[in-house]
Amino acid sequence: MNPSPYKYSTLAVHAGQYPDPLTGAVNVPVYLSSTFELTGIGADKGWDYSRAGNPTRDRLEEALATLEGGHSGHAFTSGMAAISALVAMLRAGDHLICCKDVYAGTVRLFNQIVAGYGIDIEYVDTSNLAAVAAAIRPTTKLVHLETPSNPLMVLTDIAAVSKIAHARGVEVSVDNTFLSPVLQSPLALGADIVMHSTTKYLNGHSDGLGGALIGSTPEHKERFLLVQKAAGGVMSPFECFLVLRGIRTLPLRIRQHEENGRAVAEYLSTHPKVSRLAYPGLKSHPQYDLAVKQQKGFGSMMSFDLGSREAAGRFLGAIKIFLSAESLGGVESLASHSATTTHAALSDELRESLVITQGLVRLSVGIEDKQDLIADLEQALAAV
Ligand SMILES: Cc1ncc(COP(=O)(O)O)c(C=O)c1O
């Protein structure tokens with residue numbers, strides 16, 4: 001897919017980030033202009049109005065397309081705005097399959113807004129290929145996956161689901177937020193569209209919100225450009241600059257995230273107060289083989305159970321380097337209580353059926369020194 005002769009770290013530094021043709025500035029300028037002078041009736045220098053296109057956004061979108069090996073990239077105000085744009089092309093009567101264990105904001109969007117447009121949404125355990133095949137109907141238009149899933153780290157076989165879906169004329173989209181394009185390439189595995197919350201690893205510094213869609217065909221490009229222009233949830237030029245800057249160090253950061261993630265998971269796997277530790281890089285993860293097959297690493301997201309809400313509360317109250325906060329993918333380590341933060345939007349019944357218990361804690365392991373992080377977890381677990 002990606003015709004570039006360059007390796008990934010070279011692409012991360014240079015994709016979309018060549019010098020400004022006007023001034024030679026080596027950093028992509030932030031074009032803070034909502035509108036652009038026209039050169040004649042119906043004629044411009046490539047841009048007319050920033051909702052439709054902005055030179056800084058163009059560079060980020062080029063970088064995103066390159067990193068995911070896609071045909072075009074499209075940047076939005078948040079990850080949720082990107083998912084809204086993804087489903088904006090569905091019509092009343094269409095059937096949308098979504099993986100069952102998914103960020104609860106996606107469930108809130110689908111159930112409380114998208115369903116109101118007459119779109120039929122079905123949550124399926126997509127780690128079960130037979131269940132995916134059985135769920136596809138003549139009206140199915142899209143299978144939306146999140147792998148690894150949030151917060152239980154359940155994997156879906158992207159290549160196998162894409163094969164099943166394509167045989168029935170159905171497209172597959174993948175939320176690649178948890179691994180970033182460095183560790184997983186959904187398009188190369190056969191998916192049609194990749195989605196990101198750039199708020200996470202791509203920005204990498206927890207200082208901005210953003211989202212992205214990367215399509216694999218000219219039709220996707222046409223469709224997502226229309227949604228950007230018509231619905232308008234586009235990323236601001238300054239935010240585009242921040243994400244572009246984050247991308248330059250993405251492979252480097254991911255290497256450290258990965259090293260720390262593995263070390264923390266190995267430490268937690270031996271701790272007597274920790275149960276149901278979910279990290280795809282541990283051989284005890286039921287889908288370890290799939291992780292090795294479809295991922296280029298295991299990342300730094302994991303979850304585990306401390307047995308009760310009180311125990312989780314004591315742990316979150318005792319951590320010192322890890323911060324008790326929602327979100328993930330920044331340089332700093334975060335810990336969150338999924339049931340009352342990222343997954344508060346789910347009904348109690350749904351949370352229970354997914355086994356997102358009151359004792360469940362999710363970690364986003366940052367790039368600090370791994371021994372410091374393990375010592376912090378040790379003292380916090382001692383307080384549980
Ligand atoms: C996997 C995943 N997808 C999408 C989103 C939504 O992204 P945003 O918060 O940028 O709207 C999140 C946010 O936590 C997420 O974890």
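Owing to the predicted nature of the structure, the values given are computational and were not obtained by experimental measurement.
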Over all atoms of both residues, closest heavy-atom pair of [X] and [Y]:
| X | Y | value |
| --- | --- | --- |
| Tyr279 | Gly299 | OH-O, 2.7 Å |
| Arg362 | Ser327 | NH2-O, 3.0 Å |
| Gln294 | Leu189 | O-CD1, 3.7 Å |
| Ala345 | Arg108 | CB-NH1, 3.5 Å |
| Arg314 | Ala383 | CD-O, 3.4 Å |
| Val264 | Ile374 | CG2-CG1, 4.2 Å |

Checklist entry - Given the rule in the side chain to side chain donor-acceptor pair (under 3.5 Å) test, do Ser308 and Gln358 qualify, once you have shown the distances and angles that lead to the verdict? => result CA-CA 6 Å; Ser308 69; Gln358 290 294 327; over 6 Å; no

Using 0.5 Å steps for rounding, measure from the [atom1] atom of [X] to the [atom2] atom of [Y].
| X | Y | atom1 | atom2 | result |
| --- | --- | --- | --- | --- |
| Asp207 | Asn203 | CG | CG | 4.5 Å |
| Ser324 | Leu316 | OG | CG | 4.5 Å |
| Asp175 | Thr106 | CG | OG1 | 6.0 Å |
| Ser50 | Gln228 | OG | CD | 11.5 Å |
| Ile193 | Leu187 | CD1 | CG | 9.0 Å |
| Ile247 | Leu60 | CD1 | CG | 5.5 Å |

Is a side-chain donor or acceptor of [X] paired with a backbone partner of [Y] at a separation under 3.5 angstrom?
| X | Y | answer |
| --- | --- | --- |
| Thr199 | Gly210 | yes |
| His74 | Ala82 | no |
| Arg351 | His343 | yes |

Checklist entry - Are Arg262 and Glu266 close enough for a salt bridge, meaning some N to O gap below 4.0 Å? => result no

Checklist entry - Thinking salt bridges, do Asp94 and Arg91 make one under a 4.0 Å N-O criterion? => result no

Next on the checklist: Within the 3.5 Å criterion, strictly below it, is a donor on Thr39 or Asp44 matched to an acceptor on the partner's side chain?
Outcome noted: no

Within 6.0 angstrom of [X] [atom1], more than 12 heavy atoms from elsewhere:
| X | atom1 | answer |
| --- | --- | --- |
| Gln379 | CD | yes |
| Lys100 | NZ | no |
| Lys229 | NZ | no |
| Lys296 | NZ | yes |

Item to check | side chain to side chain contact (heavy atoms under 4.5 Å, CB included) evaluation trace for Leu179 with Tyr201 | outcome: CA-CA 8 Å; Leu179 287 175; Tyr201 290 100; over 6 Å; no

In this structure, would [X] and [Y] fall into the same cluster of hydrophobic residues linked by side-chain contacts under 4.5 Å?
| X | Y | value |
| --- | --- | --- |
| Leu252 | Ile367 | no |
| Val361 | Leu282 | yes |
| Val365 | Ile321 | yes |
| Leu67 | Ile254 | yes |

Do [X] and [Y] have side-chain heavy atoms sitting under 4.5 Å apart?
| X | Y | result |
| --- | --- | --- |
| His71 | Thr217 | no |
| Thr77 | Leu209 | no |
| Met301 | Leu363 | no |
| Met80 | Ile83 | yes |
| Ile214 | His196 | yes |
| Val102 | Ser149 | no |
| Gln295 | Leu183 | no |
| Gln112 | Val107 | no |

Item to check | Criterion side chain to side chain contact (heavy atoms under 4.5 Å, CB included) on Asp305 and Val274, from CA distance to verdict | outcome: CA-CA 6 Å; Asp305 207 322; Val274 168; over 6 Å; no

Checklist entry - Between Glu258 and Val182, is a side chain to side chain contact (heavy atoms under 4.5 Å, CB included) present by the stated rule, with each step listed? => result CA-CA 11 Å; Glu258 167 89 7; Val182 178; over 6 Å; no

Item to check | Thr177 vs Tyr103, side chain to side chain donor-acceptor pair (under 3.5 Å): CA-CA, chis, key distance, verdict | outcome: CA-CA 10 Å; Thr177 299; Tyr103 171 54; over 6 Å; no

Checklist outcome for this item: Contacts of Phe76 meeting ring-ring contact (aromatic ring centres under 6.0 Å, His included) (sequence neighbours excluded), chain-then-number -> none

Checklist outcome for this item: The ring-ring contact (aromatic ring centres under 6.0 Å, His included) partners of Phe298 (sequence neighbours excluded) come to Tyr288

Checklist entry - Does the side chain to side chain donor-acceptor pair (under 3.5 Å) test come out yes or no for Ser173 and His144, once each step is laid out? => result CA-CA 5 Å; Ser173 54; His144 180 65; 2.8 Å; yes

Next on the checklist: Suppose we screen for side-chain hydrogen bond (donor to acceptor under 3.5 Å, both in side chains). Which residues come up paired with Ser84, at least two apart in sequence or across chains?
Outcome noted: none

Next on the checklist: Could you walk me through whether Glu332 and His205 satisfy the side chain to side chain donor-acceptor pair (under 3.5 Å) test, starting with their C-alpha distance in whole Å, then the side-chain angles of each, then the deciding distance to 0.1 Å, before giving a yes or no?
Outcome noted: CA-CA 8 Å; Glu332 70 290 318; His205 298 77; over 6 Å; no

If you look only at distance, which donor and acceptor atoms sit under 3.5 Å apart when one is on a side chain in residues 11-24 and the other is two or more places apart or in another chain?
from: Gln17; atom 1: OE1; to: Arg248; atom 2: NE; distance (Å): 3.1
from: Gln17; atom 1: NE2; to: Leu244; atom 2: O; distance (Å): 2.9
from: Tyr18; atom 1: OH; to: Glu62; atom 2: OE1; distance (Å): 2.8
from: Asp20; atom 1: OD1; to: Tyr31; atom 2: OH; distance (Å): 3.1
from: Asp20; atom 1: OD2; to: Thr23; atom 2: N; distance (Å): 3.2
from: Asp20; atom 1: OD2; to: Thr23; atom 2: OG1; distance (Å): 2.8
from: Thr23; atom 1: OG1; to: Ala25; atom 2: N; distance (Å): 3.1

Checklist entry - What residues join Phe36 in its hydrophobic cluster, counting side-chain heavy atom gaps under 4.5 Å, either direct or through other members? => result Trp47

Can I get a per-line list of side-chain donor-acceptor pairs under 3.5 Å for residues 165-172, giving both atom names and the distance, sequence neighbours left out?
from: His166; atom 1: ND1; to: Ser162; atom 2: O; distance (Å): 3.3
from: His166; atom 1: NE2; to: Asp192; atom 2: OD1; distance (Å): 3.2
from: His166; atom 1: NE2; to: Asp192; atom 2: OD2; distance (Å): 2.8
from: Arg168; atom 1: NH1; to: Ala133; atom 2: O; distance (Å): 3.4
from: Arg168; atom 1: NH2; to: Ile136; atom 2: O; distance (Å): 2.8
from: Glu171; atom 1: OE2; to: His220; atom 2: NE2; distance (Å): 2.8

Checklist entry - Stepwise, does the side chain to side chain contact (heavy atoms under 4.5 Å, CB included) test hold for Ile158 with Gln184? => result CA-CA 10 Å; Ile158 297 173; Gln184 183 164 265; 3.8 Å; yes

